[in-house]
Amino acid sequence: MLGAIEAGGTKFVCAVSENGRDIKERVSIPTTTPAETMQQVYDFFRSFSIEAVGIGSFGPIDINTKNDTYGYITTTPKTAWQNFNILGDVQKHLGVPAGFTTDVNAAALGEWKHGAGAGKTSCLYMTVGTGIGVGAVINNHILEGLNHPEAGHIIVRRHPEDDFKGTCPYHSDCLEGLASGPAVEKRWGEKGSELTARPEVWELESYYLAQAMMNYILILTPERIIIGGGVSKQPSLLAKVHEKTQQLLQGYVQDSMITQHIDQYITTPGLYDDAGITGGFVLAARTLEDTPN
């Protein structure tokens, strides 16, 4: 039996699985303080005999095993969680091997193994919601290096008629600053869910997201791109992203998945809202395999 923790800024979702895919039982726990939240996490898992656990966490986190702060949530705006050693705490209390990555990396791993990226050696997962996060699986492994990618903060060309300053506290008008859920709400004065009938909102949103698609395609060439998160659920958005991505590429990348089947290439999650927790199971299984007997 495997465990998974999807550690979000609003809630922690914990689950167990007997086959590494199907959820046997799950619980949702409010994200308050480490002392309160983690105690409820451990109370849940003590009801099961798990062999390993996979953690996909909100960040920023340190996933570089060479660093003293490996396994920590670091400079998060959630002050109670700053510099919290979540990996060490889980290992201490559960006493099983634990894998650790970002929440979007976990979602990418889940979609690659069991969702819209199944059967591929690579896929990219992008969530567009409170922020914009990107995780990727390349050659069957999570993309990591110096640390985890922060591809939601890439610089994009500003629309000539867009004078919105942007919401990112670090970069103002990076992709997240111009196209995240809070950016949509601040620019237009209403939440995205209330703006469905206003096509100009989604024309502008797709203008920025398509630039991101072009950059990710040119740099990483993933075999599939999956867009999740609350903003991505707008009915007209994905078709506009498809069209604008093709326009931007101008036929430069000659692959039929992009030139003819882009609706299959850039798609929605196959696991819906379970991508992160399923990726946690995949991470747990891999961690168990890599742990010496």
Side-chain angles (χ1 to χ4, degrees), residues 1-17 20 23 25-110 131 133-137 141-150 275-293:
M1 183 173 285
L2 299 172
I5 301 172
E6 186 177 12
T10 304
K11 64 181 179 180
F12 274 50
V13 178
C14 304
V16 292
S17 174
I23 296 170
E25 195 166 332
R26 81 164 85 199
V27 67
S28 180
I29 299 163
T31 305
T32 56
T33 65
E36 292 177 353
T37 300
M38 299 309 295
Q39 185 58 55
Q40 294 178 68
V41 169
Y42 304 138
D43 289 345
F44 169 77
F45 283 114
R46 287 194 181 103
S47 301
F48 307 95
S49 297
I50 62 170
E51 296 180 73
V53 62
I55 308 163
S57 176
F58 73 95
I61 62 173
D62 189 342
I63 58 171
N64 189 330
T65 57
K66 297 176 183 177
N67 293 341
D68 292 340
T69 52
Y70 168 64
Y72 281 58
I73 298 171
T74 57
T75 54
T76 174
K78 298 183 74 66
T79 53
W81 294 83
Q82 287 176 0
N83 300 311
F84 174 62
N85 184 2
I86 185 171
L87 176 61
D89 205 66
V90 168
Q91 291 172 324
K92 173 185 172 183
H93 285 86
L94 296 184
V96 297
F100 184 59
T101 193
T102 66
D103 45 7
V104 284
N105 272 346
L109 198 58
V134 178
V137 175
H141 293 281
I142 294 172
L143 179 62
E144 297 175 346
L146 186 66
N147 212 299
H148 53 83
E150 287 284 7
I277 208 73
T278 305
F281 295 141
V282 178
L283 186 59
R286 286 191 160 188
T287 302
L288 190 60
E289 290 171 5
D290 294 341
T291 302
N293 293 328

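No experiment lies behind these values; they were computed from the predicted model shown.
- Not counting sequence neighbours, the partners of A106 by the side chain to side chain contact (heavy atoms under 4.5 Å, CB included) test are T101.
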Exercise for the section: Decide yes or no on side-chain contact (heavy atoms from CB on, under 4.5 Å) for L109 and R286, but give the supporting numbers first. Expected result: CA-CA 11 Å; L109 198 58; R286 286 191 160 188; 4.3 Å; yes

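- With sequence neighbours excluded, the residues satisfying side chain to side chain contact (heavy atoms under 4.5 Å, CB included) with A284 are L2, A52.
- When side chains are defined from C-beta on, F44 counts as touching E25, because their heavy atoms get closer than 4.5 Å.
- Checked against side chain to side chain contact (heavy atoms under 4.5 Å, CB included), P34 has the following partners two or more places apart in sequence or in another chain: A80, W81, F84.
- The stretch residues 29-55 participates, sequence neighbours left out, in these salt bridge (charged side-chain N to carboxylate O under 4.0 Å, His left out) pairs: D43-R46.
- Side-chain contact between N105 and E144: present, with at least one pair of heavy atoms (C-beta onward) separated by less than 4.5 Å.
- Applying the side-chain hydrogen bond (donor to acceptor under 3.5 Å, both in side chains) test to pairs two or more places apart or on separate chains, those with a residue in residues 63-79 are D62-N67, D62-T69.
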Practice task
Any chance you could lay out the side-chain contact (heavy atoms from CB on, under 4.5 Å) test for F100 and V90, step after step, and finish with the verdict?
Solution key: CA-CA 10 Å; F100 184 59; V90 168; over 6 Å; no

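- With a 4.5 Å cut-off on side-chain heavy atoms, V134 and P149 do not count as touching.
- Side-chain contact check for I86 versus F58: every heavy-atom pair is 4.5 Å or farther apart.
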Exercise for the section: Test side-chain contact (heavy atoms from CB on, under 4.5 Å) on F281 and I23 and set out the steps. Expected result: CA-CA 9 Å; F281 295 141; I23 296 170; 3.8 Å; yes

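- Listed here is the closest heavy atom pair of A15 and F45: O-CE2, 3.5 Å.
- Residues satisfying the side chain to side chain donor-acceptor pair (under 3.5 Å) test with T31, not counting sequence neighbours, are none.
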Handout entry: Audit row: R26, E6, side-chain contact (heavy atoms from CB on, under 4.5 Å) steps and yes/no
Key = CA-CA 11 Å; R26 81 164 85 199; E6 186 177 12; over 6 Å; no

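- Looking at N147, L146, L87, I142 one by one, the single match for side chain to side chain contact (heavy atoms under 4.5 Å, CB included) with I63 turns out to be N147.
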